[in-house]
Peer 1: 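Once you've had a glance at the structure underneath, I'll fire off some questions.
Given the structure is predicted, the values throughout are model-derived calculations rather than measurements. All values below were derived from every heavy atom in this structure, side-chain atoms included, with hydrogens, water molecules and symmetry-related copies excluded. Just so we're on the same page: letters track the sequence lines, and every chain starts at 1.
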There are 2 protein chains.
Amino acid sequence: MKSPAGELPQYLLIKAQLQARIQNGALKSGDKLPSERELCAIFNTTRVTVRESLAMLESSGAIYRADRRGWFVTPARLWLDPTQNTNFHRLCLEQGREPKTALLDGRVTTVPLDVMAPLALQPFDQIYLLTRLRYADGRAVCYCENHCLPARVPELLRHDLNGSLTEIYQTHYGLIYTSMHLTFYPTSMPPQAAEALGVMEGRPALLLRRLNYDQHGRILDFDIEYWRHDSLRIEVDTH
Amino acid sequence: MKSPAGELPQYLLIKAQLQARIQNGALKSGDKLPSERELCAIFNTTRVTVRESLAMLESSGAIYRADRRGWFVTPARLWLDPTQNTNFHRLCLEQGREPKTALLDGRVTTVPLDVMAPLALQPFDQIYLLTRLRYADGRAVCYCENHCLPARVPELLRHDLNGSLTEIYQTHYGLIYTSMHLTFYPTSMPPQAAEALGVMEGRPALLLRRLNYDQHGRILDFDIEYWRHDSLRIEVDTH
DNA sequence: AAGTGGTCTAGACCACCGT
DNA sequence: CGGTGGTCTAGACCACTTT
């Protein structure tokens with residue numbers, strides 16, 4: 001049963017068959033796949049091989065795993081145009097998805113090293129660090145760290161930080177997100193993001209860093225976001 | 001030697017140790033890692049476990065595999081600002097990398113279904129399809145399909161297509177890339193791209209689709225690019 | 001308690017790479 | 001040709017979820 005020359009390896013055949021069942025609608029968004037041991041029986045092979053197929057479908061974004069509960073068909077991606085000034089909640093609603101943001105932690109802390117340079121701060125300067133988790137239709141899709149400047153938004157922690165930061169900035173401080181510098185690339189989940197999102201450490205992720213400016217051209221804050229690699233699509237329109 | 005409760009699994013420890021050797025410079029960009037069997041001996045474990053660690057470092061982009069030749073430390077990422085109108089060759093040179101583009105195939109063909117809508121064409125319309133491979137410092141990083149409109153660039157195939165399309169457009173047709181609509185997201189390598197890039201089918205990739213407009217606001221062409229997921233970083237500046 | 005995925009062992013054969 | 005990674009077998013125990 002080894003893969004003979006000129007033929008596809010077994011795990012690619014299994015992958016193709018599962019993929020077909022997703023594309024033809026036999027398996028729908030959110031559906032659970034058969035258990036790994038059932039798949040072994042169906043395809044007459046071992047778990048190592050089945051899991052190779054599943055891992056591959058996972059990297060394509062077609063399926064995902066929920067720790068120890070099984071494999072599921074991935075819902076459609078959210079999409080984001082970084083040149084539009086929108087926020088997560090509006091984004092979701094426009095795309096017919098139900099948004100939720102949960103504040104995991106909000107504190108004053110000394111600026112982390114990798115954030116110091118973008119924010120043009122000195123060592124030991126203090127910042128607000130908000131750690132938040134974003135959901136679309138109840139599924140955690142994004143682990144988010146906001147690094148905010150006390151000079152811009154004093155007493156930030158007094159407000160309800162479970163909603164839109166954009167609105168708090170505007171309502172309470174008269175600050176408007178106006179432009180930004182955005183960097184992103186595929187990488188893997190660091191431990192903290194992995195734990196919060198309920199995915200396994202080291203799984204693929206989309207890392208997104210955002211330096212925001214206000215309407216006066218001053219630096220406002222710096223975000224680090226880890227998105228599930230299967231949950232976001234970026235669209236940019238240049239004019 | 002099973003991972004006891006409260007401890008990290010073995011493959012994460014191995015991953016961390018290899019990562020440390022890369023970050024502290026013991027392993028440099030382009031270096032080959034010890035063979036899988038050597039790593040088994042070093043860490044006193046089996047290939048399945050070692051390969052789990054390697055696969056994880058691969059998804060983070062820290063290392064890559066060259067088919068049957070071993071594992072290597074990944075060179076720095078190229079970066080791209082899609083709102084700038086640049087091209088691959090200029091991009092590389094500005095970043096101190098040596099660019100190369102190889103034409104794999106150039107032909108007239110009927111428009112593929114997934115390209116018909118963006119290009120606003122009808123079924124059975126003809127297009128030029130260029131298949132090209134892009135290298136940075138001799139390493140294949142991008143598999144690229146250009147779908148060009150004969151109405152805009154008649155006799156396109158007569159030109160030397162191993163260089164910059166931008167220049168051919170401008171020099172021979174007076175057409176200038178002016179704006180674009182860009183979509184991208186992480187996914188996995190389809191068979192054709194995988195073969196051309198010398199990576200394994202199903203490995204992670206960054207898919208980039210680009211609809212280009214000329215200086216008159218007319219649709220110019222449509223590109224589909226599969227980048228190695230470890231070779232590109234996107235930077236966007238909004239003003 | 002039964003079943004799931006997560007981790008791991010200890011082998012095997014193959015195709016392909018470099019020498 | 002010897003060594004490499006690519007693929008695969010046939011098991012095992014664990015932590016955790018679900019029933």
Peer 1: Check whether any side-chain nitrogen or oxygen of Thr46(B) sits under 4.0 Å from OP1 or OP2 of dA10(C), and answer yes or no.
Peer 2: no
Peer 1: Can a donor-acceptor pair be found between the side chains of Asp221(B) and Asn212(B) at a distance below 3.5 Å?
Peer 2: yes
Peer 1: Flag the pair Glu235(A) and Arg233(A) as a salt bridge only when some basic side-chain nitrogen lies within less than 4.0 angstrom of an acidic carboxylate oxygen.
Peer 2: yes
Peer 1: Is any side-chain heavy atom of Leu206(A) closer than 4.5 Å to a side-chain heavy atom of Tyr226(A)?
Peer 2: no
Peer 1: Arg37(A) has a side chain; which of dG5(D), dG6(C), dT4(D) sits nearest to it?
Peer 2: dG6(C)
Peer 1: Can you tell me how far P of dC8(C) sits from CZ of Arg47(B), to the nearest Å?
Peer 2: 17 Å
Peer 1: Side-chain N or O of Thr45(B) versus OP1/OP2 of dC8(C): is the shortest distance under 4.0 Å?
Peer 2: no
Peer 1: For Ser231(B) and Arg139(B), which I'm curious about, is there any donor-acceptor pair between the side chains at under 3.5 Å?
Peer 2: yes
Peer 1: Testing Arg51(A), His229(A), Arg203(A) one by one against Glu58(A) for a side chain to side chain donor-acceptor pair (under 3.5 Å), which residue passes?
Peer 2: Arg203(A)
Peer 1: Could you tell me the separation between the CD atom of Glu52(B) and the P atom of dC8(C), rounded to a whole number of Å?
Peer 2: 8 Å
Peer 1: Measure the angle between the two terminal helix axes of the helix from dA1(C)-dT18(D) to dG18(C)-dC1(D), five base pairs each, and quote it to 10°.
Peer 2: 10°
Peer 1: Mind calculating the distance between CZ (Arg51(A)) and P (dT9(D)) to the nearest angstrom?
Peer 2: 15 Å
Peer 1: Just the rounded figure in Å: distance from P of dT17(D) to NZ of Lys32(A).
Peer 2: 14 Å
Peer 1: Nearest whole angstrom, please: distance from the C1' of dC8(D) to the CG of Leu12(A).
Peer 2: 14 Å
Peer 1: For a quick test of reading the model: is some side-chain N or O of Tyr11(B) closer than 4.0 Å to OP1 or OP2 of dT7(C)?
Peer 2: yes
Peer 1: Would you find more than 12 non-hydrogen atoms of other residues, nucleotides or ligands less than 6.0 Å from Gln95(B) atom CD?
Peer 2: yes
Peer 1: Parallel under 30°, tilted from 30 to 60°, perpendicular over 60°: which one fits the rings of Phe184(B) and Phe184(A)?
Peer 2: parallel
Peer 1: Can you check the Lys15(B) NZ to dG6(C) P distance for me, whole Å?
Peer 2: 16 Å
Peer 1: Let me know the distance between CD of Glu36(A) and P of dG6(C), rounded to the nearest Å.
Peer 2: 6 Å
Peer 1: Tabulate protein N/O versus nucleotide N/O from nucleotides 16-19 of chain C, keeping only pairs under 3.5 Å, one per line.
Peer 2:
none

Peer 1: Given that Pro34(B) and Val48(B) both sit by DNA chain D, which one's nearest nucleotide is further toward the 5' end?
Peer 2: Pro34(B)
Peer 1: What's the CG-C1' distance between Leu33(B) and dT4(D), to the nearest Å?
Peer 2: 14 Å
Peer 1: Could you give the distance from CG (Leu91(A)) to CZ (Arg97(A)), rounded to the nearest 0.5 Å?
Peer 2: 10.0 Å
Peer 1: What nucleotide among dG6(D), dT7(C), dG5(C) has an atom nearest to a side-chain atom of Met200(A)?
Peer 2: dT7(C)
Peer 1: A side-chain contact here means heavy atoms from C-beta on lying under 4.5 Å apart; do His147(B) and Ile224(B) qualify?
Peer 2: yes
Peer 1: For the residue pair Phe88(A) and Ser164(A), establish whether any side-chain heavy-atom pair is separated by less than 4.5 Å.
Peer 2: no
Peer 1: Considering just the side-chain nitrogens and oxygens of Gln10(B), establish if one lies under 4.0 Å of OP1 or OP2 belonging to dT7(C).
Peer 2: no
